[in-house]
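What follows is a set of notes on a single structure, which appears directly below.
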Amino acid sequence: MRKHARFVVVSNRLPVVIERNSDGLRAIPGSGGLISAMTPVLRARGGMWIGWPGHSDGVPEPEVLQTLEAGSADWGFDLVPVFLPEDVATGYYDGFSNATIWPLFHDLQGRTVFEIAYHKAYLDANRMFADRVESCTEERDFVWVHDYHLMDVARFLRERGTKRTCAFFLHIPFPPPDIFMKLPWRREILEALFHYDLLGFQTFRDRRNFLDCVDDISPCSHPSGRGNVIRIRRENRQVGLGVFPIGIDAREFENISRSASAHLAEQSVRETAGNRKIILGVDRLDYTKGIPHRLKAFEKALGTHPELCGNVTFLQIAVPSREGVEGYLPLRREIEQIAGHINGRFTSSGWVPVVLMVRGVNREELVAHYRAADVAMVTPLKDGMNLVCKEYCAARTDGAGVLVLSEFAGAAAQLYRGAMLVNPHDIDGTADAIAEAVSMPRKEQRRRMRLLRNTIRQKDVYWWMDTFIQVASGRKASEFFDGESLRPYPQFLYKGEATDVTPSPPAGSSGRPGSRTAAPVRAEPS
Ligand code: GDG
């Protein structure tokens with residue numbers, strides 16, 4: 001019998017990718033928002049991660065298992081695979097998760113595919129995840145299921161009679177009723193979510209949307225309480241509904257940013273841009289991230305603010321993603337075409353306005369790009385949170401740099417006081433914001449960056465996990481980790497930096513779209 005209850009993470013993908021090299025198979029780190037957030041904690045404190053190892057490309061399951069066992073020893077936590085038959089995996093992942101829920105929950109109804117076979121595959125896959133969770137965990141373990149791929153896991157666990165504490169965090173937005181109601185399986189999904197003990201959302205906007213949907217579909221549910229965590233009673237179950245904006249490992253980004261190698265790599269990024277001012281975009285190549293809109297705003301800015309021509313380089317890193325899902329390859333072509341068009345129109349001797357990198361870079365190079373960027377453009381059409389904007393600020397150990405942030409990113413609820421907020425659909429407004437950001441005086445940059453960095457440091461990934469686990473399990477998070485605190489270093493603040501971490505909207509703020517300072521969605525109360 002184990003001494004402690006275990007901390008178990010369940011997500012669509014394991015945080016590793018199985019790769020074959022000349023020495024055989026090995027588990028290398030995967031990428032993406034969830035992995036960036038959770039891996040540091042599990043590596044430091046141990047636990048278990050259950051997930052799909054991805055399409056196996058003919059690698060036999062025993063070999064995958066063996067590789068993951070070796071990976072578990074290296075990584076310091078257990079990697080447990082859920083093997084999905086190829087047809088189930090395709091319908092569940094490419095289909096229901098990424099062609100139905102992903103676009104719909106980002107308000108993009110026109111891109112949403114409603115296909116009953118996808119939904120069936122989704123249920124099959126969620127049942128297989130529930131089987132694995134049941135067989136690998138005990139009743140006293142704490143099971144934390146992540147994201148829109150796995151909304152039905154608790155339902156299947158409960159059908160088997162298990163009573164494990166099972167909590168769920170939605171990393172993406174929850175849509176308002178007029179969009180959610182289009183889903184043929186809307187009632188089933190809400191019912192499934194009620195089998196969790198706690199549902200976590202990124203922002204108040206998402207929780208409010210969820211409650212509005214519940215109210216439309218089953219008005220007999222009764223919410224109670226106020227603030228970050230409320231309760232809702234439905235039939236004989238009580239479910240917590242919490243708002244937990246996800247953070248990053250800010251200290252880690254600061255440490256990389258201060259390293260000599262990051263300084264060196266920063267120089268080479270600056271040289272790529274001919275030592276001009278740099279505007280940076282870093283995104284998965286996804287239609288929700290607003291890359292075409294951003295490039296068009298840059299083009300507009302060059303046309304209306306001629307002083308930018310020859311003096312600014314737009315550097316866009318776009319990491320290929322979900323290439324099996326419809327719509328992703330055309331997006332790549334669209335972005336390449338817009339970048340080519342801008343370069344064709346504005347390039348002059350020795351200056352190319354847009355540098356497009358359609359590939360990922362390693363962590364150190366990423367930080368070097370953050371350090372080199374005078375302006376970061378994080379302008380998704382809608383985003384659950386967005387970690388890139390937080391990483392950019394954490395990497396700015398010099399206290400300079402300007403964050404231009406979409407008011408439709410969940411992060412805007414936390415960062416609206418230091419960022420320049422834009423509506424990414426407003427190309428002219430965004431173009432003006434670009435010009436303003438590029439010429440912002442150093443003193444104003446520092447004032448804003450101080451606010452941003454302090455919020456990001458205090459509401460970091462450890463704060464996020466600690467708060468979520470405590471609310472979900474009723475136990476201090478340290479109880480799952482041999483009594484140790486989750487944060488592998490003390491909470492840190494620097495002298496001379498403000499400690500304002502729980503911003504509230506400025507007095508008289510209307511939150512009106514287009515405003516560069518108003519809060520677009522409610523900021524979290526203390
Ligand atoms: C989902 C939600 C939510 C990107 N390019 C490179 C690279 N990245 C890393 C970034 C960042 C992560 O990928 C992307 O995270 P985001 O939060 O921006 O976006 P999603 O992947 O859509 O994540 C999102 C998140 O979950 C967490 O809850 O914030 O709203 O959609 O960490 O650094 N990393 C490296 N090279 C790259 O080229 N090394």
Nearest-0.5 Å distance that lies between atom NE2 in His146 and atom CH2 in Trp144: 4.5 Å

Distance-minimising heavy-atom pair for Val113 and Tyr118: CG1-CE1, 3.9 Å

Shortest non-hydrogen contact between Met385 and Ala409, atoms and distance: O-CB, 3.7 Å

Heavy-atom closest pair, residues Arg20 and Val59: NH2-CG2, 4.1 Å

Distance-only polar pair, side chains of Asp383 and Gln202, donor-acceptor under 3.5 Å: no

Donor-acceptor under 3.5 Å (Arg396 side chain, Tyr370 main chain): yes

Val358 vs Pro320 side-chain heavy atoms within contact, under 4.5 Å: yes

Min side-chain heavy-atom separation Arg294-Thr430 under 4.5 Å: no

Spacing of Leu14 atom CG and Asp78 atom CG [to the nearest 0.5 Å]: 11.0 Å

Side-chain heavy-atom pair Ile342, Leu302 within 4.5 angstrom cut-off: yes

Validation row: Leu381, His425 side chains within 4.5 angstrom (heavy atoms): yes

Short side-chain to backbone donor-acceptor contact, Asn386 and Ala411, under 3.5 Å: no

Short side-chain to backbone donor-acceptor contact, Asp147 and Leu170, under 3.5 Å: no

Any side-chain heavy-atom pair of Phe253 and Ile248 under 4.5 Å: yes

Gap between atom CG of Leu421 and atom OG of Ser406 - 0.5 Å precision: 8.0 Å

Lys289 vs Arg284, side chain to side chain contact (heavy atoms under 4.5 Å, CB included): CA-CA, chis, key distance, verdict: CA-CA 8 Å; Lys289 302 293 182 185; Arg284 276 191 307 102; 4.3 Å; yes

Residue among Met449, Lys443, Arg442, Glu444 satisfying side-chain contact (heavy atoms from CB on, under 4.5 Å) with Arg446: Arg442

Side-chain donor-acceptor pair present, Glu299, His341, cut-off under 3.5 Å: yes

Heavy atoms of other groups near Glu63 CD, more than 12 under 6.0 Å: yes

Residue pair Ala339 / Val354: nearest heavy atoms and the distance that separates them: CB-CG1, 3.8 Å

Listed partners of Phe168 passing ring pair (Phe, Tyr, Trp, His ring centres under 6.0 Å), at least two apart: Tyr196

Working for side chain to side chain contact (heavy atoms under 4.5 Å, CB included), residues Met420 and Leu403: CA-CA 6 Å; Met420 289 180 70; Leu403 174 63; over 6 Å; no

Asn12 side chain vs His149 backbone, donor-acceptor pair below 3.5 Å: no

Check against side chain to side chain contact (heavy atoms under 4.5 Å, CB included), Lys382 and Thr288: CA-CA 6 Å; Lys382 193 153 184 184; Thr288 61; 5.9 Å; no

Side-chain donor/acceptor of Ser259 to backbone N/O of Ala262, under 3.5 Å: yes

Ring geometry between Phe96 and Tyr122 (parallel below 30°, tilted from 30 to 60°, perpendicular above 60°): tilted

Inter-residue atom distance Glu266.CD - Glu364.CD, 0.5 Å rounding: 12.0 Å

Heavy-atom closest pair, residues Phe408 and Asn423: CE1-OD1, 3.4 Å

Charged N-O contact under 4.0 Å between Arg251 and Glu254: no

Whether Thr379 side chain and Val422 backbone form a donor-acceptor pair below 3.5 Å: no

Salt bridge Asp374-Lys277, side-chain N to carboxylate O under 4.0 Å: no

Any side-chain heavy-atom pair of Ile335 and Leu295 under 4.5 Å: yes

Approximate separation, where rounding is to 0.5 Å, of Lys296 NZ and Ile291 CD1: 12.5 Å

Check: Phe204 and Pro245 side chains under 4.5 Å, non-hydrogen atoms: no

Test item: Arg448 side-chain N/O and Ala419 main-chain N/O as donor-acceptor pair under 3.5 Å: yes

Polar side-chain atom of Ser72 near backbone of Leu79 as donor-acceptor pair, under 3.5 Å: yes

Main-chain N/O of Val312 paired with Arg276 side-chain donor or acceptor, under 3.5 Å: no

Evaluation steps, salt bridge (Lys or Arg N to Asp or Glu O under 4.0 Å), between Asp460 and Lys390: CA-CA 9 Å; Asp460 67 2; Lys390 296 187 172 184; over 6 Å; no

Identified ring-ring contact (aromatic ring centres under 6.0 Å, His included) partner of Tyr148 from the options Phe169, Tyr93, Phe201, Trp102: Trp102

Parallel, tilted or perpendicular: rings of Tyr92 and Phe129 (30°, 60°): tilted

No-hydrogen, no-angle side-chain donor-acceptor test under 3.5 Å, Ser257 and Arg371: yes

Pairing of Asp94 and Arg322 as salt bridge, 4.0 angstrom limit: no

Interatomic spacing from CG in Leu405 to CG in Leu452 - rounded to 0.5 Å: 9.0 Å

Step-by-step side chain to side chain contact (heavy atoms under 4.5 Å, CB included) determination, Cys389 to Tyr392: CA-CA 5 Å; Cys389 57; Tyr392 171 68; 5.7 Å; no

Beyond-backbone contact of Trp464 with Lys459, side-chain heavy atoms, under 4.5 angstrom: no

Closest non-hydrogen atom pair between Lys300 and Ile427, with its separation: CB-CG2, 4.2 Å

Donor-acceptor contact present, side-chain Arg26 to main-chain Glu19, <3.5 Å: no

